[in-house]
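The next block holds one structure in the form of structure tokens; read it before the comments.
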Amino acid sequence: MDDYKESDFGRVLKVAGPLVVAENISGVKMYELVKVGWDRLLGEIIKLEEDTASIQCYEDTSGLTVGDPVLRTKEPLSVELGPGILSNIFDGIQRPLETIAKDVKSIFVPKGVELPSLDHKKQWEFHPSKDLKVGGLISGGDVIGRCFENNLFEEHRILIPPLAKGKITYVASEGNYTVREKILEVEFNNKKYEYSMSHFWPVRNPRPFAEKLPGEVPLLTGQRVLDALFPSVLGGTCAIPGAFGCGKTCISQAISKYSNTSVIVYVGCGERGNEMAEVLNEFPELTIKYKGKEENIMQRTCLVANTSNMPVAAREASIYTGITLAEYFRDMGYNVSMMADSTTRWAEALREISGRLGEMPSQQGYPAYMPSKLAQFYERAGRVKCYGSPDREGSVTIVGAVSPPGGDFSDPVTIATLNITQVFWGLDKKLAQRKHFPSVNWNQSFSNYAGILEKYFNGFDPQFSDLKGKFKKILQEEEELNDIVQLVGRDSLSDDQKLVMEVAKIIREDFLQQNAFSEYDFNCPLYKTIGMMKCTISFYDCARKAIVESSGESKISWNLISNQLKNEMYQLTQLKFEMPNQPREDLEKKFADLISTIEKKFRGLTK
């Protein structure tokens, strides 16, 4: 520490868990990064008062003593953005965990470890943009070249930092460079600035964009209940609240594996270590068919792991690290999904620090500013027109899991999340106990994007809106009829009510239920989902028409229909077993054949 001036240092005055108070440190800024103690523990300034500063420390503070030095870095907490982010695993402050494990040969991250976030030795094949010439002008966010990252994410576009601009004085020729080697030199106001393939960006500052655009394309998850009944858009905000064991992590992982986005940023925020270990074990084994070849899904994924046994303050930073990485890929013109699992544990980190600062608590001890912090995070989602040239569009979709204690949706974090997000996938403990997964409660959940997406879905299939409306109506009628059945029994129902109960049972057990660990149901393409809906509604419409329009001696009862069409009803329950990777034409033909068989059988009944 001999290279620094005395004014760059403060002294530790007090240590209280992750909170360190430093004195004699005037001149520092809010959210400035500091290094605390002789081990140079990373910390961030969160409160200033006269010449003292309160620091949230991102590492274990045991062993710190009063009088230890606190070194100013004069920089905010930033992440390094460039080639090499994908297929990597970072902690909450973008330290590469795999590299640390190899270097220190320990299962624990040592105190004060300082390693570059990206590999500074690895070379990447850089191809400069064709319109980049010496003497030309350049501005923030411009794409200055590209490099090949991996087989699944082929084109990593190299961006100039959003605030850069000037006249080009040097462009590197095509060739291999490390992420820190100079590839561009720009002159502005008689000063020269050098740029490499990577740059740094403060995590708490949203990256700028030219214009926010409305969402028009759905986030296709491969989960029937979500795609058909409660869809989100690319650039949307989704909340998955549910009690322990309801399957929040399974839904987050299923979206990570099979959604229609180019990049996945998965943030395990305060998650149990075994859940992150499961992600690490499963993702490298999963493949996706791309250009006729099976490619490892990890190649489009970046993991930010901050497990529950890691320092609590770093949990707060992990969410911002994840969203900044997601915004970087959005600025290249890609669609990105960010999974935050779970925001409740992030809010608990806020509560811990707030308590240490002695702030006035709000509901259940959470700080009064928790809802606004949560809103600032979710506001960074969206579909945008990117900054710089060439023109491109990108999106960040945020899926936030919420873990209310005991599944109590009146929890402050759940209420604050529901006030912000546009899609609510509420998980039901009773459904989970019945082993009905995904345990999304179809009577509680909602999507505010349904109207916006009607145009897309009806373009895909003109009948979609009608099918979806009938599905929801049948499920709602069943909920009302269940009360009658419990009071006076099933025999008291009329034939058309018995039909509703039976079709609702097929919808619940053979459409909404989906086994993510099976070969036939791990993923359900949209055309298979719509085909299954068409077959079920065709049966329902034909049966209802037959019951309502028949009378007298030729009256058609539900018992007659269930006896005569037993085989067709069985076939409806077997539709989910159709393999999702078979050709679309073959699958649609099977659905069409079943519909024509059902209609033919009903014509025979009514003659």
Side-chain angles (χ1 to χ4, degrees), residues 4-37 40-59 61 64 68-81 91-95 117 161-163 199-208 269 306 311-325 327 343 346-362 366-380:
Y4 299 99
K5 298 182 289 189
E6 194 177 339
S7 59
D8 292 338
F9 290 97
R11 287 204 322 271
V12 172
L13 177 66
K14 179 179 122 180
V15 181
L19 182 77
V20 175
V21 179
E23 62 179 350
N24 298 339
I25 196 163
S26 54
V28 289
K29 295 177 185 173
M30 279 289 282
Y31 301 118
E32 186 179 317
L33 201 65
V34 291
K35 293 180 179 176
V36 182
R40 294 163 71 101
L41 311 177
L42 275 180
E44 193 180 18
I45 289 171
I46 53 169
K47 185 180 175 185
L48 294 170
E49 203 171 332
E50 295 175 0
D51 74 332
T52 65
S54 299
I55 300 159
Q56 64 176 0
C57 212
Y58 293 135
E59 300 179 64
T61 56
L64 272 183
D68 279 0
V70 176
L71 172 64
R72 291 180 59 190
T73 64
K74 300 175 185 173
E75 297 285 339
L77 175 65
S78 302
V79 288
E80 188 174 5
L81 305 169
D91 74 351
I93 45 179
Q94 214 206 5
R95 292 185 299 189
S117 303
L163 304 178
H199 65 271
F200 289 85
W201 187 262
V203 295
R204 293 181 188 275
N205 293 3
R207 284 177 67 90
C269 175
N306 188 268
V312 72
R315 198 182 291 180
E316 199 250 350
S318 63
I319 286 279
Y320 295 110
T321 299
I323 191 69
T324 308
L325 295 174
E327 285 176 337
T343 52
W346 171 77
E348 282 168 3
L350 282 184
R351 181 167 65 182
E352 165 86 5
I353 298 295
S354 174
R356 300 278 184 187
L357 287 168
E359 293 172 340
M360 180 70 76
S362 183
Y366 289 105
Y369 52 77
M370 183 269 293
S372 66
K373 286 252 186 186
L374 204 56
Q376 284 167 16
F377 161 63
Y378 277 108
E379 275 170 9
R380 290 172 75 168

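The structure presented is a predicted model; accordingly, all values stated were derived computationally and were not measured. Keep in mind that the numbers below use all heavy atoms, side chains included, and drop hydrogens, waters and symmetry copies.
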Specify the closest pair of heavy atoms between [X] and [Y], including all atoms of both residues, with the distance to one decimal.
| X | Y | result |
| --- | --- | --- |
| Ile93 | Ala317 | CG2-CB, 4.1 Å |
| Gly37 | Leu64 | CA-CD2, 3.7 Å |
| Ile319 | Cys269 | CG1-SG, 4.1 Å |
| Leu48 | Ala53 | CD2-CB, 3.8 Å |
| Trp201 | Pro206 | CZ2-O, 3.9 Å |
| Ala313 | Cys57 | CB-O, 3.3 Å |

Is Glu32 salt-bridged to Lys74, going by a charged N under 4.0 Å from an acidic O?
no

Is the closest basic N to carboxylate O distance between Glu59 and Arg40 below 4.0 Å?
no

So Lys47 and Glu359, salt bridge (charged side-chain N to carboxylate O under 4.0 Å, His left out) or not? Walk me through it.
CA-CA 11 Å; Lys47 185 180 175 185; Glu359 293 172 340; 5.9 Å; no

Side chains of Arg380 and Thr324 only: does a donor on one sit below 3.5 Å from an acceptor on the other?
yes

With a 3.5 Å distance limit and no angle check, can you tell me whether [X] reaches the backbone of [Y] through a side-chain donor-acceptor pair?
| X | Y | value |
| --- | --- | --- |
| Arg207 | Leu325 | no |
| Ser354 | Arg351 | no |
| Thr321 | Gly92 | yes |
| Ser54 | Ile46 | no |
| Gln94 | Glu80 | yes |
| Gln56 | Leu19 | no |
| Thr61 | Gly17 | yes |

Relative to each other, are the rings of Trp346 and Tyr320 parallel, tilted or perpendicular (30° and 60° limits)?
perpendicular

Step by step, would you call Val34 with Thr73 a side-chain contact (heavy atoms from CB on, under 4.5 Å)?
CA-CA 6 Å; Val34 291; Thr73 64; 5.7 Å; no

Verdict with supporting geometry, Ile323 and Phe377, side-chain contact (heavy atoms from CB on, under 4.5 Å):
CA-CA 8 Å; Ile323 191 69; Phe377 161 63; 4.1 Å; yes

How long is the span from the [atom1] atom in [X] to the [atom2] atom in [Y], to the nearest 0.5 Å?
| X | Y | atom1 | atom2 | value |
| --- | --- | --- | --- | --- |
| Leu350 | Arg315 | CG | CZ | 10.5 Å |
| Leu33 | Ser78 | CG | OG | 8.0 Å |
| Asn205 | Tyr31 | CG | OH | 10.5 Å |
| Lys35 | Asp8 | NZ | CG | 12.0 Å |
| Glu23 | Lys14 | CD | NZ | 12.5 Å |

Do Val70 and Ile55 pass the side-chain contact (heavy atoms from CB on, under 4.5 Å) test, and can you show the C-alpha distance, the side-chain angles, and the key distance before you say yes or no?
CA-CA 10 Å; Val70 176; Ile55 300 159; 3.9 Å; yes

Within a strict 4.5 Å, meaning less than it, do heavy atoms of the [X] and [Y] side chains meet?
| X | Y | value |
| --- | --- | --- |
| Glu352 | Pro18 | yes |
| Glu75 | Lys29 | no |
| Lys373 | Glu316 | yes |

Please evaluate residues Val312 and Tyr58 with respect to the criterion side-chain contact (heavy atoms from CB on, under 4.5 Å), reporting the C-alpha separation (whole Å), side-chain torsions for both, the decisive distance (0.1 Å), and the verdict.
CA-CA 8 Å; Val312 72; Tyr58 293 135; over 6 Å; no

